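Bear in mind the structure is a predicted one, so any value in this text is a computation, not a measurement.
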Amino acid sequence: MEDPPVLVSVAGGLGRLTLNRPRAINALSGTMIAILSDALERWQTDPSVRAVLIEGVGEKGFCAGGDIREVRGHMIAGRRQAATGYFAAEYALNLRIGTYAKPIIALQDGICFGGGLGLSAHARFRLATE
């Protein structure tokens, strides 16, 4: 059984979203975008969640960006709408993060490109390591 691409948990008032694709440096797939969006939507009105942390697992980085292999696969297979839908969902997630009523903290540890910047740069608080 494959590990979930995003670990979602709540403890002590903190909603935690952990990107969990370390072999791909947590490249942001469509499934990950959906999981992140769903969790943020649920937590928006959940009084047990007072803040949200977005982080990534692995030694190399927070998020290498969007999953270009996934988008390329859609284009090669003639699924142009799926490819454009990927970006629409990603940008909607960025907007949600940027306008979220509760504080979002992003831990930019290691590589952080493209979609990873979208997830983290729009957060209210960003902690970047060297």
**Item:** For E70, salt bridge (charged side-chain N to carboxylate O under 4.0 Å, His left out) partners two or more places apart
**Value:**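 Residues passing salt bridge (charged side-chain N to carboxylate O under 4.0 Å, His left out) with E70: none at all.
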**Request:** Report the residues that fulfil side-chain contact (heavy atoms from CB on, under 4.5 Å) with F125, sequence neighbours left out, ordered by chain and then residue number.
**Result:**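 For F125 the side-chain contact (heavy atoms from CB on, under 4.5 Å) partners, ignoring immediate neighbours, are P103, I105.
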**Prompt:** Yes or no on side-chain contact (heavy atoms from CB on, under 4.5 Å) for L28 and Y86, after CA distance, side-chain angles and deciding distance?
**Reply:** CA-CA 10 Å; L28 193 60; Y86 169 92; 4.0 Å; yes
**Request:** Determine whether more than 12 heavy atoms belonging to other residues, nucleotides or ligands lie under 6.0 Å from atom CZ of R124.
**Result:** yes
**Prompt:** Any chance CZ of R72 has more than 12 other-residue heavy atoms, nucleotides or ligands included, within less than 6.0 Å?
**Reply:**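 Incorrect, the count does not exceed 12.
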Which heavy atom of [X] sits nearest a heavy atom of [Y], and at what distance?
X    : Y    : result
K102 : R50  : CB-O, 3.9 Å
G58  : P22  : CA-CB, 3.9 Å
A64  : A24  : CB-O, 4.2 Å
Q44  : A101 : NE2-CB, 3.2 Å
P5   : M32  : CB-CG, 3.5 Å
F62  : G116 : CE2-O, 3.3 Å

Would you call [X] and [Y] a side-chain contact if the rule is heavy atoms closer than 4.5 Å?
X   : Y    : answer
F87 : V71  : yes
H74 : R80  : no
L17 : L119 : no
I54 : I97  : yes

**Asked** Using a distance-only test with no angle check, is there a side-chain donor-acceptor pair under 3.5 angstrom linking D46 and S48?
**Response** yes
Nearest 0.5 angstrom please: [X] [atom1] to [Y] [atom2], how far?
X    : Y   : atom1 : atom2 : result
L117 : C63 : CG    : SG    : 8.5 Å
I68  : S29 : CD1   : OG    : 12.0 Å
I33  : D38 : CD1   : CG    : 11.5 Å

Are [Y] and [X] linked, directly or through intermediate hydrophobic residues, by side-chain heavy-atom contacts shorter than 4.5 Å (ILVMFWY only)?
X   : Y    : result
L93 : I35  : yes
L40 : L107 : no
V10 : V52  : yes
V8  : I104 : yes
L53 : V49  : no

**Asked** If you group Ile, Leu, Val, Met, Phe, Trp and Tyr whenever their side-chain heavy atoms sit less than 4.5 Å apart, what else falls in with V57?
**Response**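 Besides V57, the cluster holds no residue at all.
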**Request:** Any salt bridge (Lys or Arg N to Asp or Glu O under 4.0 Å) involving residues 5-32? Give me the pairs, sequence neighbours left out, ordered by first then second residue.
**Result:**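 Residue pairs passing salt bridge (Lys or Arg N to Asp or Glu O under 4.0 Å), neighbours aside: R16-E55, R21-D67.
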**Asked** Counting only N and O atoms by type, is there a donor-acceptor contact under 3.5 Å from the side chain of D109 to the main-chain atoms of T129?
**Response** no
**Request:** Using the test side chain to side chain donor-acceptor pair (under 3.5 Å), find all partners of T45 that sit at least two apart in sequence or belong to another chain.
**Result:**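 Here no residue qualifies.
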**Prompt:** For H122, what residues pass the side chain to side chain donor-acceptor pair (under 3.5 Å) criterion, not counting sequence neighbours?
**Reply:** none
